[in-house]
Amino acid sequence: MTLIDGKSVARDIRLELSERTRVFEKKYGKKVGLAVVLIGDDAASQVYVRNKIKACEEAGIRSFAHYLPAETTQRAAEELIVSLAADRNVHGILVQLPLPKHLDAERILSLIPTSKDVDGFSTENIGMLATGGGGTVACTPLGVMELLKRYRIETRGKRAVVVGRSNIVGRPMALLLLNADATVTVCHSKTDNLKEECLRADILIAAIGKAKFITADMVKEGATVIDIGMNRDDNGLLCGDVDFEHVKDRAAYITPVPGGVGPMTIAMLLQNVCDAFERTEKQA
């Protein structure tokens, strides 16, 4: 069994991006800029935003943090996004979810220009992914593909099973694997014979948000197991969607939780911002 070390790979990517941003600054005379919008006082969101800002600093990306109170109106939130969309120093806009319940998140996100949608959530970016690529891809599934690439895990002609069909992870994950020439099956809560479907997988992706749901008897010997889940077990400890301790002896490659896919999400966000900067400056 080989442990896929996402933390180490993410660190390498941040170092690569820091060199890339230095080249950009020398060539274009400006820094890459990411605007981060946090509305409300959700504790987990505050941690995520701090981590993203710190990662930006390490990669030489200028961050513009906007902290708004929970009672922020829809109009005020929309006006901020419109102003950031027009700001030429901002190359990517990230609205930290979830938003307070009184806000229309879909409407707010729709105001982010496709060129600055570094989360890859816009209809246009998703459409480009569905038709073969070319747009910005959601950070977590993109991070999974980068791990497969760096560990030289072949996707072409392989059977990939994605357990989960969310718009931000499961669906784009399936499309990326399909674009990489894998034969893809998407499973979900209504799937009949889920165990049998999982056992066919050369590459098994778990993204359902249920602690230790994928057990050893659901994994084919020698499979690659990618765990995107982030949960708490009965003891309050972080764990994934995969029963790691029992599955690891069956897998050829496996990601841990924490330290697997998680660190890659922020690394891919930074990469998306750099890509957005380069596209913008080349068109200027």
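Here the structure is a predicted model, which is why all the values come from computation and not from measurement.
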Name all residues meeting the side chain to side chain contact (heavy atoms under 4.5 Å, CB included) criterion together with E146; count only those two or more places apart in sequence or in a different chain, and write none if there are none. I13, K149, R150, M264, M268
Does this structure show an ion pair linking D181 with R156, if we count only N-O contacts that are shorter than 4.0 Å? yes
Kindly work out whether a path of hydrophobic side-chain contacts (I/L/V/M/F/W/Y, heavy atoms less than 4.5 Å apart) joins L97 to Y48. no
I'd like to check L38 versus L68 (side-chain heavy atoms, cut-off strictly below 4.5 Å). Are they in contact? no
Do V37 and I39 have side-chain heavy atoms sitting under 4.5 Å apart? yes
Minimum side-chain heavy-atom gap L17-R20 below 4.5 Å: yes
Around R250, counting heavy atoms of other residues, nucleotides and ligands shown, do more than 12 lie under 6.0 Å from its CZ? yes
Residues clustering with V257 (ILVMFWY side chains joined when closer than 4.5 Å, directly or via others): M230, L238
E196: which residues meet the side-chain hydrogen bond (donor to acceptor under 3.5 Å, both in side chains) condition with it, sequence neighbours left out? none
List, by chain and number, the other hydrophobic cluster members for L15, where Ile, Leu, Val, Met, Phe, Trp and Tyr join if side-chain heavy atoms come within less than 4.5 Å, directly or indirectly. none
Please say which of T21, I61, V32 ends up in a side chain to side chain contact (heavy atoms under 4.5 Å, CB included) with L270. I61
Taking only Lys NZ, Arg NE, NH1 and NH2, and the carboxylate oxygens of Asp or Glu, determine whether R75 and E79 approach each other closer than 4.0 Å. yes
Are L148 and L177 packed together at the side-chain level, in the sense that at least one heavy-atom pair is separated by less than 4.5 angstrom? yes
More than 12 heavy atoms of other residues, nucleotides or ligands under 6.0 Å from NE2 of H188: is that the case? yes
Under a 4.0 Å threshold between the charged nitrogen and the carboxylate oxygen, would K248 count as salt-bridged to D243? no
Please tabulate, for side-chain N and O atoms in residues 108-116, each donor-acceptor pair with protein atoms closer than 3.5 Å (sequence neighbours left out).
from : atom 1 : to   : atom 2 : distance (Å)
S110 : OG     : R107 : O      : 2.6
T114 : OG1    : E124 : OE1    : 3.1
K116 : NZ     : L84  : O      : 3.1
K116 : NZ     : A85  : O      : 2.9
K116 : NZ     : D87  : O      : 2.8
K116 : NZ     : V90  : O      : 2.9

Heavy atoms from other residues, nucleotides or ligands near CG of D12 exceed 12 (cutoff 6.0 Å): yes
Side chain of T155, backbone of A180: donor and acceptor closer than 3.5 Å? yes
Are I168 and I205 linked, directly or through intermediate hydrophobic residues, by side-chain heavy-atom contacts shorter than 4.5 Å (ILVMFWY only)? yes
Does the pair K54/E57 count as a salt bridge with the N-to-O cut at 4.0 Å? no
Under the side-chain hydrogen bond (donor to acceptor under 3.5 Å, both in side chains) test, residues paired with R14 that sit two or more places apart: E58
Counting only N and O atoms by type, is there a donor-acceptor contact under 3.5 Å from the side chain of D233 to the main-chain atoms of A211? no
Note: V186 and T191 closest approach over all heavy atoms is O-OG1, 4.5 Å
Determine whether L147 and I226 make a side-chain contact, defined as any pair of heavy atoms from C-beta on separated by less than 4.5 Å. no
Please determine whether the number of non-hydrogen atoms from other residues, nucleotides or ligands lying under 6.0 Å from atom NZ of K52 exceeds 12. yes
Looking only at heavy atoms, the pair that brings A207 and V169 closest together is CB-CG1, 3.7 Å
Do T136 and R279 have side-chain atoms, one donor and one acceptor, less than 3.5 Å apart? yes
Run the side-chain hydrogen bond (donor to acceptor under 3.5 Å, both in side chains) test against N231 and tell me which residues pass, sequence neighbours left out. D241
Check whether I126 and V95 end up in the same hydrophobic cluster, where Ile, Leu, Val, Met, Phe, Trp and Tyr are linked by side-chain heavy atoms less than 4.5 Å apart. no
When rounded to the nearest 0.5 Å, the distance separating CD of E106 from CZ of F121 is 13.0 Å
Suppose clustering is done on Ile, Leu, Val, Met, Phe, Trp and Tyr with side-chain heavy atoms closer than 4.5 Å. Which residues sit in the same group as M128? none
Got a sec, which pairs hit ring pair (Phe, Tyr, Trp, His ring centres under 6.0 Å) with one end in residues 53-90, sequence neighbours left out? none
Over all heavy atoms of both residues, which pair between D41 and Q46 is shortest? Give the atoms and the distance, please. CA-NE2, 3.5 Å
Inter-residue atom distance D217.CG - H246.NE2, 0.5 Å rounding: 11.0 Å
V273 and G33 have their tightest heavy-atom pair at CG1-O, 4.0 Å
Please report the closest heavy-atom contact between A65 and I53, naming both atoms and the distance. CB-CD1, 3.8 Å
Between M173 and M145, is any pair of side-chain heavy atoms under 4.5 Å apart? yes
Does V137 offer a backbone N or O that forms a donor-acceptor pair with the side chain of N272 under 3.5 Å? yes
Just to verify, what does Y28 make a ring-ring contact (aromatic ring centres under 6.0 Å, His included) with, not counting sequence neighbours? F277
Side chains of I266 and C139: closer than 4.5 Å at any heavy-atom pair? no
Using a 4.5 Å cut-off between side-chain heavy atoms of Ile, Leu, Val, Met, Phe, Trp and Tyr, which other residues end up in the same hydrophobic cluster as L204? M1, L3, V161, V163, L194, I208, F213, I214, M218, V219, V225, V242, F244, V247, I254
Hey, does the side chain of H102 reach the backbone of T73 with a donor-acceptor pair shorter than 3.5 angstrom? no
Minimal non-hydrogen separation, V184 against V162, with atom names: CG1-CG2, 4.4 Å
Quick check: do L34 and V36 have side-chain heavy atoms less than 4.5 Å from each other? yes
For residues 4-11, dump all side-chain donor-acceptor pairs below 3.5 Å to protein atoms at least two apart in sequence or in another chain.
from : atom 1 : to : atom 2 : distance (Å)
D5   : OD1    : K7 : N      : 3.2
D5   : OD1    : S8 : N      : 3.1

Between E281 and K30, is there a side-chain N and carboxylate O pair less than 4.0 Å apart? yes
